[in-house]
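These numbers come from a predicted model, not from an experiment.
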Amino acid sequence: MYTAHPDRYAEMPYRRTGRSGLKLPALSLGLWHNFGPDRPVETQRAILRRAFDLGVTHFDLANNYGPPPGSAESALGDALRADFAAYRDELVISTKAGYLMWPGPYGEWGSRKYLLSSLDQSLSRMGLEYVDIFYSHRPDPDTPLEETMGALHTAVQQGKALYVGVSNYSAEQTREAARILAELGTPLVIHQPRYSMLDRRPETGGLLDALDELQVGSIAYSPLEQGLLTGRYLNGIPEDSRAASDSPFLNSDAVTEELVGKLRTLHEIAGSRGQSLAQMALAWVLRQGRVTSALVGASSPRQLEDSVAAVGNLDFDADELARIDKIVKG
């Protein structure tokens with residue numbers, strides 16, 4: 001039987017999510033990949049146990065994570081029953097709905113029917129009465145935002161979610177979502193954008209500024225840019241890498257000679273900080289406290305340990321930041 005490490009809260013920093021009372025670990029575990037029937041169950045459970053032992057109290061999912069869709073939630077449900085039943089109140093578990101989950105006109109986007117049906121299915125797969133955070137995974141161009149936000153509000157009113165958030169919304173959409181939710185009495189607590197040293201859109205598009213103004217928290221996904229910032233591509237494209245596969249999220253055309261040169265220079269800066277490239281990339285996302293938490297994936301407990309070690313040095317001096325900007329922006 002699993003017993004959590006007694007010192008699990010000793011090293012991990014926890015940050016308040018916007019103006020809410022919810023605190024998240026600086027690093028959260030995303031179950032987008034590596035949790036499903038294509039991975040050994042014991043490996044999955046070992047990653048989750050090690051995460052919690054290291055103070056990673058937040059497990060992030062979506063209805064369609066797998067593959068196949070739904071399998072990551074089912075895998076977490078099995079692990080919760082086997083290992084974490086006694087620790088539920090120490091965990092933050094989030095899920096989302098918005099992308100294609102089942103056939104037909106009610107299986108994706110942002111209608112009230114889809115969001116609330118999806119949440120019921122997610123809770124069933126995980127064996128939970130509620131999730132801590134329920135997200136609208138993407139804006140729906142054909143459904144009024146009032147309906148989508150109203151569904152999130154209903155989830156809270158029904159006791160099936162404690163907090164609500166949005167993901168992949170623009171700055172303008174986020175402001176409007178926050179306004180609608182405030183009028184309903186359920187505050188927008190968190191936004192989950194894609195953000196990394198190589199993807200600055202939350203900065204350039206004004207999203208981070210909007211979140212600051214609204215006092216809404218944020219959790220960055222893909223902070224390692226689909227593995228580009230892990231150091232795996234310092235010598236080109238490894239045969240067993242995501243870029244060498246048929247992954248829709250990273251293809252070989254993106255790994256140019258120019259990019260590899262930038263990655264090597266960033267790797268040198270990381271070394272001067274006593275960090276791996278991945279650790280520096282995570283620290284960069286978390287710099288200055290504008291981002292509440294960074295989402296990391298893991299294929300093994302050891303990989304997770306390497307990521308968590310990033311919290312040992314989250315500070316940058318002005319020269320380091322300037323050098324990184326010069327390299328990335330060319």
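Checked by atom type and distance alone, the side chain of Y106 never pairs as donor or acceptor with a backbone atom of K113 at under 3.5 Å. In this structure, E225 contributes its side chain and S196 its backbone to no donor-acceptor pair below 3.5 Å.
Hydrophobic clustering of Ile, Leu, Val, Met, Phe, Trp and Tyr side chains at less than 4.5 Å, counting indirect connections, unites L263 with M280.
Between R138 and E108 there is a salt bridge, since a side-chain N of the basic residue sits under 4.0 Å from a carboxylate O of the acidic one. Remark: E268 does not engage R264 in a salt bridge, criterion side-chain N to carboxylate O under 4.0 Å. The pair R125-D78 fails the salt-bridge criterion, with no side-chain N (NZ, NE, NH1 or NH2) lying under 4.0 Å from an Asp/Glu carboxylate O. A salt bridge links R49 with E42; the closest basic N to acidic carboxylate O contact falls under 4.0 Å. Salt-bridge check for E172 with R175: failed, with every basic side-chain N at 4.0 Å or more from each acidic carboxylate O.
By the 6.0 Å and 45° rule, R88 stacks over the aromatic ring of Y130. Judged by the 6.0 Å and 45° rule, K23 forms no cation-pi pair with Y14.
The heavy-atom pair separating A79 from L48 by the smallest distance is CB-CD1, 3.5 Å. Between L29 and V56 the shortest heavy-atom distance is N-CG1, 3.6 Å. For the pair S20 and V189, the tightest heavy-atom approach, listed with the atom from each and the gap, is OG-CG1, 3.8 Å. Residues R15 and T292 approach most closely at CD-O, 3.2 Å, considering heavy atoms.
Side-chain polar atoms of Y169 and S136 form a donor-acceptor pair below 3.5 angstrom. Looking only at atom types and distance, the side chain of Q226 has a donor-acceptor partner in the side chain of S222 under 3.5 Å away.
In this structure, M1 shares a hydrophobic cluster with no other residue, the cluster being traced through Ile, Leu, Val, Met, Phe, Trp and Tyr side chains under 4.5 angstrom apart.
Under the side chain to side chain donor-acceptor pair (under 3.5 Å) criterion, S293 pairs with S28, not counting sequence neighbours.
Expressed to the nearest 0.5 Å, how far CH2 of W109 lies from OH of Y99 amounts to 7.5 Å.
The aromatic rings of W102 and Y114 are tilted relative to each other, their planes meeting at an angle between 30° and 60°.
The only member of L27, V311, L286 that meets side chain to side chain contact (heavy atoms under 4.5 Å, CB included) when paired with P13 is V311.
Heavy-atom contacts from other residues, nucleotides or ligands closer than 6.0 Å to NE2 of H153 number more than 12. Counting non-hydrogen atoms of neighbouring residues, nucleotides and ligands closer than 6.0 angstrom, the CD atom of E11 reaches no more than 12 such neighbours.
Between Y2 and F84, the ring center distance clears the sub-6.0 Å criterion.
Residue pairs meeting the salt bridge (charged side-chain N to carboxylate O under 4.0 Å, His left out) criterion with at least one member in residues 312-330, sequence neighbours excluded: R200-D325, R273-E320.
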